[in-house]
Amino acid sequence: MSDRYDIAIVGSGAAGLSAALNAKIRNKKFIIFGNKNLSNKIVRAPKINNYLGFYGMTGPEIKEKFQEHLDYMGIEITEERVNNIYAMGDYFALMVNDKTYEASALILATGMEYTQPLKGEEEFIGRGVGYCATCDAPLYKEKVVTIIGYNKEAEEEANFVSELASLVYYIPMYKGPFELNGNIEVVEDKPVEIKGGMKVDTLVLKDGELKTDGIFVLKDSISPGQLVPGLKITDGHIEVDRLMQTNIEGCFAAGDCVGKPYQYIKAAGEGNIATLSAASYLEKLKAKNKNK
Ligand SMILES: Cc1cc2nc3c(=O)[nH]c(=O)nc-3n(C[C@H](O)[C@H](O)[C@H](O)COP(=O)(O)OP(=O)(O)OC[C@H]3O[C@@H](n4cnc5c(N)ncnc54)[C@H](O)[C@@H]3O)c2cc1C
């Protein structure tokens, strides 16, 4: 039996969860990537009055309700961050740390990216800029690596890289204390721009600059344009039609990542549509492959 999933869902907020439960109802072989909290935005909401059937609940209470729903339906979240996704024709390859997953259809439900990429960041992706330090660390053996860490988890990746690189600079975008190996140099400054020629060579900071062979930007989420090369983005959101279809065949998107209003009920509705559209796409794909 093939290890390929029918549908891969990226994101465990209202959009991704709704997509997952509809995939379960449609009896699809699917995987959903996200985190234990489901979504940091769900748990941070003080009071929610506009989600049908859940009047006056707090974010954490709704999170519990969502979790109960998943448990009833036997849906498990794969707690991993997807670093890159490549459209391979009739399937998608999802890069997750040192693993690759395959799925015939893809649903992006990654929420809204609030931190803008640095100047030069997108230009140097694959030429010295990366998002998964543990995956790419071997490329930087005996080299100088800079890690811009947006959360505590990034420290673990920095420690791993420091075992291979000759020097690691760590730029924390949050307050310490930091649990870093002794050979890592912490630079508490603001990154401004990534520069280089064919490859990255400099990180410009507000108060100086660092010479570096590679830069890892380790955030909670990656902007969709960086996640899926070739994806059409308009005004900072993934462009979709009413069926939640993106410009890439077999790739659908739902929730905050496709546009305003940023609301749970819209996200959940769109997740539902995305799965139904993915299911029709899978039917067409099956018929096409049969006729080959
Ligand atoms: C404080 C606050 C209060 C709010 N109050 C309300 C309210 O009262 N009513 C209302 O309707 N809306 C409210 N909202 C808005 C609501 O939270 C969002 O509209 C909703 O969460 C969007 O759901 P989503 O599934 O699109 O994205 P999100 O909830 O943002 O979920 C995205 C998920 O994708 C995951 N993810 C992203 N990238 C990756 C990756 N590469 N690999 C794996 N996982 C990934 C994230 O970890 C997260 O789990 C509030 C938001 C905030 C911040």
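Counting starts at 1 for both ligands and their atoms, in listed order. All values derive from a computational prediction rather than experimental measurement. One is the number of the first residue; the rest follow in order along the sequence.
- For ligand 1, the polar-atom distance check against N50 finds a nitrogen or oxygen pair separated by under 3.5 Å.
- On a distance-only criterion, V10 and ligand 1 share no N/O pair closer than 3.5 Å.
- Between atom 43 (C) of ligand 1 and the options M112, K260, E80, the minimum heavy-atom separation is to E80.
- Annotation: ring-ring contact (aromatic ring centres under 6.0 Å, His included) contacts involving residues 27-47, sequence neighbours excluded, comprise F33-Y101.
- Here's the thing with Q263: one of its N/O atoms is less than 3.5 angstrom from an N/O atom of ligand 1.
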Donor-acceptor contacts under 3.5 Å from residues 62-73 side chains, at least two apart:
{"residue": "Q67", "atom": "NE2", "partner": "D71", "partner atom": "OD1", "Å": "3.0"}

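- Under a 4.0 angstrom heavy-atom cut-off, K47 registers as being in contact with ligand 1.
- Between the K152 side chain and the Y174 main chain, no donor and acceptor come within less than 3.5 Å of each other.
- Side chain to side chain, E239 and T234 meet the donor-acceptor criterion of an N or O pair below 3.5 Å.
- No side-chain N or O of K143 forms a donor-acceptor pair with one of S166 less than 3.5 Å apart.
- Between A254 and ligand 1, no N or O atom pair is found at a separation short of 3.5 Å.
- Residue L38 has at least one nitrogen or oxygen atom sitting less than 3.5 Å from a nitrogen or oxygen atom of ligand 1, judged on distance alone.
- Atom-to-atom distance recorded for K195:NZ and L118:CG is 13.0 Å, nearest 0.5 angstrom.
- A salt bridge does not link D6 with R26: every distance from a Lys NZ or Arg NE/NH1/NH2 to an Asp or Glu carboxylate oxygen is 4.0 Å or more.
- With a 4.0 Å heavy-atom cut-off, ligand 1 is reached by the backbone of A109 but not by any atom from C-beta on.
- The N/O atoms of I265, backbone and side chain alike, include none that comes under 3.5 Å of an N/O atom in ligand 1.
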